[in-house]
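So the structure is just underneath, and the comments pick up after that.
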There are 2 protein chains.
Amino acid sequence: MEKTNIEVETASQVFKLLGDKTRLTIGALLMKRELCVCELLEVFEMSQPSISQHLRKLKDAGLVKEARRGQWIYYSLNTNSEFYSLVKYATSLIPDQDEKIRQIEISNPTLRCGC
Amino acid sequence: MEKTNIEVETASQVFKLLGDKTRLTIGALLMKRELCVCELLEVFEMSQPSISQHLRKLKDAGLVKEARRGQWIYYSLNTNSEFYSLVKYATSLIPDQDEKIRQIEISNPTLRCGC
DNA sequence: TAAGTATATAGGAATGTACTTATATATAGA
DNA sequence: TCTATATATAAGTACATTCCTATATACTTA
């Protein structure tokens, strides 16, 4: 886990981002695999705009990146970010999020039609 | 650097604490040595109550402990805290705080009389 | 091109945060 | 015990944050 010297201002901004339960959990979930908004919506008791706003903050800080695939925009961790190892460390501290991933896979919101 | 599993709620609270420039810097300074409020006051452009309030939050979370010695209350990192390794990691990310320590030692607020 | 789904943005309300000044409390020393 | 110094607490204010609802935008498919 290489460490670079990050300015106090910058580092504290990233900690502030991780200092929110929803965003920290999103980070841990994205550690497992990329996810779209409608998938995250399955595991947070929160409106779609709220999820989008959290993702935007993470994206603005360069922690996550997005990729549109058809109708969906998939979010994933930006492994090139200078904060990636911090995110990895931070998310490793909290309990495993497999249960939430399973919940997403059961409801499978991107495949409603069943085809 | 051992990692225990910390609840999302708890972990995000600690990140929130570190998500403030002043508190993150205090953490890095306490990594160097214990300090009293009047010493911290030398390196932050902030009122004494503000410093005290930041220290109180860090103390309430168990990250720092205090020890009164005469007129002064010395704050230090609580190495027994389950978050100590997180604090150590977090503070290792930011630039070295030696300059601020030197500044404190030059002004030496706990020894005003020179005796 | 119209309708449906996914996501983003705008605007606003409630709450939280980080400061400030004023004041209280605790210790030290004359 | 009086005064000075160190620190904590209280109360108020400005600003930031996080949610919401309503609406706009983008893509897909009939």
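No experiment lies behind these values; they were computed from the predicted model shown. In the text below, chain A, chain B and the rest are named by the order of the sequence lines, each starting its count at 1. When reading the values below, keep in mind they use all heavy atoms of this one structure, side chains included, and skip hydrogens, waters and symmetry mates.
Residue B:Q71 places its side chain closer to D:dA6 than to any other of D:dA6, C:dC19, C:dT7. Listed nucleotides C:dT17, D:dT9, C:dA8 differ in distance to A:V37; the shortest reach to its side chain belongs to C:dA8. Among D:dT7, D:dC20, C:dC19, the nucleotide with an atom closest to any side-chain atom of B:M46 is C:dC19. Side-chain proximity of B:S47 to D:dC27, C:dA18, C:dT21: nearest is C:dT21. When distances run from any side-chain atom of B:P49 to the nucleotides C:dA8, C:dG4, C:dT20, the shortest one goes to C:dT20. Listed nucleotides: D:dC20, C:dT17, D:dT5. Nearest to the side chain of A:Q53: D:dC20. For A:I73, whose side chain is taken as the heavy atoms from C-beta onward, the closest listed nucleotide among D:dC20, D:dT18, C:dT7 is C:dT7.
Residue-level contact check: B:K16 touches the backbone only, with heavy atoms under 4.0 Å from sugar-phosphate atoms and none from bases. A:E66 comes within 4.0 angstrom of the backbone, heavy atoms only, and of no base. The residue A:K59 sits apart from the nucleic acid: no heavy atom pair falls under 4.0 Å. Across all strands, B:R69 comes closer than 4.0 Å to no nucleic acid atom at all (heavy-atom distances). Note on B:F44: nothing from the nucleic acid sits closer than 4.0 angstrom, heavy atoms only.
Between the P atom of D:dT17 and the CD atom of B:Q13 lies a distance of 18 Å, rounded to the nearest Å. Regarding A:L55, its CG atom lies at a distance of 11 Å from the C1' atom of C:dA8, rounded to whole Å. Remark: P of D:dT21 and CD1 of A:I51 are 14 Å apart, rounded to the nearest angstrom. Regarding A:L40, its CG atom lies at a distance of 9 Å from the P atom of C:dT7, rounded to whole Å. Here C:dG16 presents its C1' atom at 16 Å from CG of B:D60, a figure rounded to the nearest Å. Rounded to a whole Å, the CG atom of B:D20 is 11 Å from the C1' atom of C:dC19.
For B:S92 (side chain) and B:Y89 (main-chain N/O), a donor-acceptor pair under 3.5 Å exists by modelled atom type. When atom types are taken as modelled, the side chain of A:R68 and the backbone of A:G70 share a donor-acceptor pair closer than 3.5 angstrom.
For A:K57, a side-chain nitrogen or oxygen approaches OP1 or OP2 of D:dT18 to under 4.0 Å. For D:dT17, the OP1/OP2 oxygens have no side-chain nitrogen or oxygen of A:H54 closer than 4.0 Å. At C:dA18, none of the side-chain N or O atoms of B:T22 fall inside 4.0 Å of OP1 or OP2 (strictly under the cut-off). Side-chain nitrogen and oxygen atoms of A:Y75 include none within less than 4.0 Å of the OP1 or OP2 phosphate oxygen of C:dA6. Remark: B:R56 is not in phosphate contact with D:dT7, judged by side-chain N or O atoms under 4.0 Å from OP1 or OP2.
Of the charged side-chain nitrogens involved, at least one lies within less than 4.0 Å of a carboxylate oxygen, so that B:R102 and B:E99 count as a salt-bridged pair.
One donor-acceptor pair, N or O on each side, does fall under 3.5 Å between the base of D:dA8 and the side chain of B:Q48.
Taking the nucleotide of DNA chain D with the nearest heavy atom to each of A:E45 and A:R68, the more 5' of the two is matched to A:E45.
Between B:I73 and B:V37 the shortest side-chain heavy-atom distance does not fall below 4.5 Å. Between B:I51 and B:Y75, every side-chain heavy-atom pair lies at or beyond the 4.5 Å cut-off.
Results of the salt bridge (charged side-chain N to carboxylate O under 4.0 Å, His left out) test with B:E105 over B:K100, B:R33, B:K32 single out B:R33 as the only residue that passes.
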